[in-house]
Amino acid sequence: MLLTLTLAPGCTHEADQQPVAREAAPEHQGIYSFPNACVTLDAAAAGTGRASFLRVSDEGEGFAFGATADAAAPLTMRATDLGTYLFYDSHEHYLVVEERALRRRDTINSDAFTLDDTTLPGVQWALEVSDEDPTRFQLRHLKTGAYLTPTGLSDEAAGAAVITLYPAQGCAPYPELTLDAEGELPPTRFDDGSVYGFVDTHSHLFSNRGFGGAGIFHGAPFHPFGVPHALPSCEMFHGEEGRKDLFGYGFDKSDTVSELDMITAFVNGRVPEFYHHTQGWPSFTDWPSAHFLSTHQTQYYLWLKRAYYAGLRLVVNHATSNQIICELVAGSGAQPVRYSCNDMVAVDRTLEDTRALERYIDAQSGGPGTGWFRIVESPQEARAVIEEGKLAVVLGIEVSNLFDCFLVPPGGGERCTEAQVLANLERYRALGVRAIFPVHKFDNAFSAGDGHREIIELANFAMTGHYSNFTDDCPDIPSAFDKGDVAFAELNQPREDYLAEPPVDMSGFADDPIDVLLGQARYLMGGSLHGDYCQNAGLTELGEFLLIELMKEGFILEIDHLPRRSYQRAFELLVEHDYPAAGTHGNNMRGELYGLGGISKMNLGRCSNPQSPGTLADGLQERVALIESHGGYPAEGFGFDLNGFAGAPGPRFGEHSVCDTPQENPITYPFTSYDGHVTFTRPRLGEREVDFNTEGMVHLGLVAELIEDVRNDGVSDAQLEPLFRSAEAYLRFWERSEARGAALRGE
């Protein structure tokens, strides 16, 4: 009869040290081959071969060794990273080490709730090949570094138990969202050899790592402990009824809420009315909702996978953040932060976490390189990944203070130098970054900000201490942001010297943003300026240097956040160097961008005309014709900008319809993908059933419905083909960028 052994460290039993023969271990494919496996496990003390099974202890508060196989606890092994797992029993409890004893807990804490990266709840184990028996395993506890034995934890690998994992039944499924899609994704090409699939040229998977890394933007695309930790309730950050979601309220309700109303909300620390339900997993009452709620995750990895099943084959993941938004929300005490509000801190965290997501998906798929999510660093690598039928992921940066090159350096420091720019380009290229915006919302050392109006005018003042710098003497070129009325007339005081010293000291903003802003309230009372205004400044000398160096290195050069004067000069430099660029907010310089080999993005139509079927693809057809007229490859993809406060396609039906006329042909289920390989069923969010017809594209995974909606409108597969050739278009643009970079380097 086997003894029941509690996990008391240091206990040994002489009788157990006599080696005995063990049956052969069940066949397996190594340490990576157990994601979501249902197993029982036994452990034999080193050198003995005498094994006992793990079971739930008699009092039910922990686990103990000593069971026969019949009484062993069935355990789900959930991969948390490559080669690491947690164990989840049939009654939905975790195997946790606390004070060097095996405990049984129905919940576990994590960094998602403590906002502390060092939080380890003692639930993760590294599965290693046994030093004693290469057909079996040993388990190393990640938090303590100790090894599991039948009688405790050993700090030395020599004391590790020899673990056998047996296939079992009766396990509880680990909490997870459903994919709501089935099928095989074989490698696919067009007849001419072009890769198959569409591109999302502009994406932000990890906005949760921006804005201080806490809950200003809520929800992660993954968490090692799964969806309960990736997408929990946002109440701890956004407050009851979402009333502390100050930035989301101001952004999503900008048409009805004034800037002065928002200042009042920040003074009070909450918005004046119910905003949104906060429940995440498993009920998801209100969010995700990309069309209506911009501060919540819309690209959980399974939603990204559903888009991949719909034909997504290339995505550009831009690390993003906004220092002033972070300082405004955190400094007013509305929400906490986890990291510095600094933009480049957010960039570094995002790059690190994108690599972690790749590992996590590999871990769920069976080991290194087996996952469908592949980070790529060259167009050749991307082409190979897509030809395998997988998703190629390009790393990019979209922040206002690129490389910490502030217009007004904090603390009176020096502005960036050319040497610093070169060092940062080398560093981030080594980290895999290939796409870069020189500027985002606010003025920096490279260029005036993008010219976005309203709250951005005030935020730029807070960032720099400079008054707004708008003029109505503007170049006649299209712009994504730098156009139209100026919201704060009194704040606008154009200056001749862009690099002049700031007239107002805003250095106290981060610590006390409300008092600092109230001290400048006189600038908010003077009404607006009406007309076509633009930034009075363009690229600096350092900005021109940056653009030329980006070209020399073959970077994907993103130009749509350049204000009009900067854009005009940048385009002159592009023409001079015969270099392509990306317009992923949709600006194509009246088609001239395509003549250089560049790309932009398009949107499918949203409201159908029952009297004229097929009009939802008119914009795509017109864009392809424009591309062809300038000698470009006839294809164009998306640039959803999800998690980037950009909204998403809304519903055609119901009380929130974005359409002015009655609509026909709602989505019905099941339906098949464009290539016919995948069947999509009605999407679910845990306990919530999603209705695309009345809710719109609530998250990225519903791009499948967006495409099906267009097909239902009478758009033929031939008319949609340019969309599914857009990954090829992006690769050709990237290949040209690298080729021109090599030529400019004289190679």
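What's counted below: heavy atoms across the whole structure, side chains too, no hydrogens, waters or symmetry copies. Numbering starts at 1 and runs along the sequence shown.
Residues I386 and L314 share a closest heavy-atom pair of CD1-CD1, 4.1 Å. Minimum interatomic distance between R688 and V698 (heavy atoms only, all atoms of both residues): NH2-CG1, 4.1 Å. The minimum heavy-atom distance between V39 and C171, with the atom names listed, is N-SG, 4.0 Å. Counting all heavy atoms, side chain and backbone alike, Y300 lies closest to A230 at CE1-CB, 3.8 Å. For the residue pair H238 and I216, the shortest heavy atom distance occurs at NE2-O, 3.7 Å. Taking all atoms of both residues into account, the shortest heavy-atom contact from R313 to G197 is CG-CA, 3.6 Å.
By the 30° and 60° cut-offs, the orientation of the rings of F137 relative to H28 is tilted. Classification of the F640-F638 ring pair by plane angle, with boundaries at 30° and 60°, yields parallel.
With 3.5 Å as the limit, one finds no donor-acceptor pair spanning the side chains of S130 and D133. For the residue pair Y674 / R711, no side-chain donor-acceptor distance below 3.5 Å is found, with atom types taken as modelled. Residues Y32 and D362 bring no donor and acceptor atom of their side chains to less than 3.5 Å of each other. In summary, the side chains of T68 and D70 do not present any donor paired with an acceptor at a separation below 3.5 Å, with no hydrogens or angles considered.
N693 places a side-chain N or O within 3.5 Å of a backbone atom of I667 that can act as its donor or acceptor partner. Between the side chain of R104 and the main chain of G60, a donor-acceptor pair closer than 3.5 Å is present. Side-chain atoms of E92 do not come within 3.5 Å of backbone N or O of A172 as any donor-acceptor pair. Between the T149 side chain and the G152 main chain, a donor and an acceptor come within less than 3.5 Å of each other. Although no hydrogens or angles enter the test, the distance criterion places no donor-acceptor pair under 3.5 Å between the side chain of H677 and the main chain of Y309. Using a distance-only test at 3.5 Å, with no hydrogens or angles considered, no donor-acceptor pair links the side chain of E381 to the main chain of V376. E695 contributes no side-chain N or O that, together with a main-chain N or O of S289, makes up a donor-acceptor pair within less than 3.5 Å. Distance alone, capped at 3.5 Å, places no donor-acceptor pair between the D81 side chain and the T84 backbone. Between the side chain of D180 and the backbone N or O of F680 there is no donor-acceptor pair closer than 3.5 Å. Without hydrogens or angle criteria, H218 side chain to H296 main chain gives no donor-acceptor distance under 3.5 Å.
The pair D58-R55 meets the salt-bridge criterion, since a charged nitrogen lies less than 4.0 angstrom from a carboxylate oxygen. The residues R684 and E689 are annotated as salt-bridged, a charged nitrogen and a carboxylate oxygen being separated by less than 4.0 angstrom. A salt bridge does not link R355 with E352: every distance from a Lys NZ or Arg NE/NH1/NH2 to an Asp or Glu carboxylate oxygen is 4.0 Å or more. A salt bridge is defined here as a Lys NZ or Arg NE, NH1 or NH2 lying under 4.0 Å from an Asp or Glu carboxylate O, and R338 with D117 meets this definition. Under 4.0 Å is where a charged nitrogen must lie from a carboxylate oxygen, and between E358 and R374 at least one such pair does.
You'll find the side chain of W125 stays beyond 4.5 Å of the side chain of Y147, heavy atoms only. Counting only heavy atoms from C-beta outward, the side chains of R359 and L357 never approach each other to under 4.5 Å. Residues L177 and L231 have side chains in contact (heavy-atom distance under 4.5 Å, counting atoms from C-beta outward). Side-chain contact between S283 and H277 is absent, with no heavy-atom pair separated by less than 4.5 Å. Side-chain contact between P221 and L304: absent, with no pair of heavy atoms (C-beta onward) separated by less than 4.5 Å. Side chains of R78 and N36 form a contact here, defined as non-hydrogen atoms less than 4.5 Å apart.
The side-chain hydrogen bond (donor to acceptor under 3.5 Å, both in side chains) search around D155 returns R100, not counting sequence neighbours. Listed by chain and number, the residues in a side-chain hydrogen bond (donor to acceptor under 3.5 Å, both in side chains) with D641 are H202, H204 (sequence neighbours excluded).
The OG atom of S33 lies 8.0 Å from the CG atom of L127; values are rounded to the nearest 0.5 Å. A distance of 12.5 Å separates CZ in F692 from OG1 in T668, rounded to the nearest 0.5 Å. Separation of atoms CD1 (I707) and CE (M697) is listed at 9.5 Å; rounding is to 0.5 Å. The CD1 atom of I31 sits 11.0 Å away from the CG atom of L139 when rounded to the nearest 0.5 Å. Rounding to the nearest 0.5 Å gives a distance of 4.5 Å between CZ of R243 and CD of E241. Distance CG/L41 to CE/M77: 8.0 Å, rounded to 0.5 Å.
For Y174 and Y88, the ring centers are positioned less than 6.0 Å apart. Between H223 and Y360, a ring centre-to-centre spacing not shorter than 6.0 Å is recorded. Taking the six-membered ring for Trp and the full ring otherwise, F373 and Y301 have centroids separated by 6.0 Å or more. Note: F53 and Y166 meet the aromatic proximity criterion, with ring centroids under 6.0 Å apart.
The environment of E99 atom CD is sparse: at most 12 non-hydrogen atoms of other residues, nucleotides or ligands sit within 6.0 angstrom.
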Should T298 and N643 be marked as a side-chain hydrogen bond (donor to acceptor under 3.5 Å, both in side chains) after you check the CA-CA gap, both sets of side-chain angles, and the distance that decides it? CA-CA 6 Å; T298 59; N643 295 347; 2.8 Å; yes

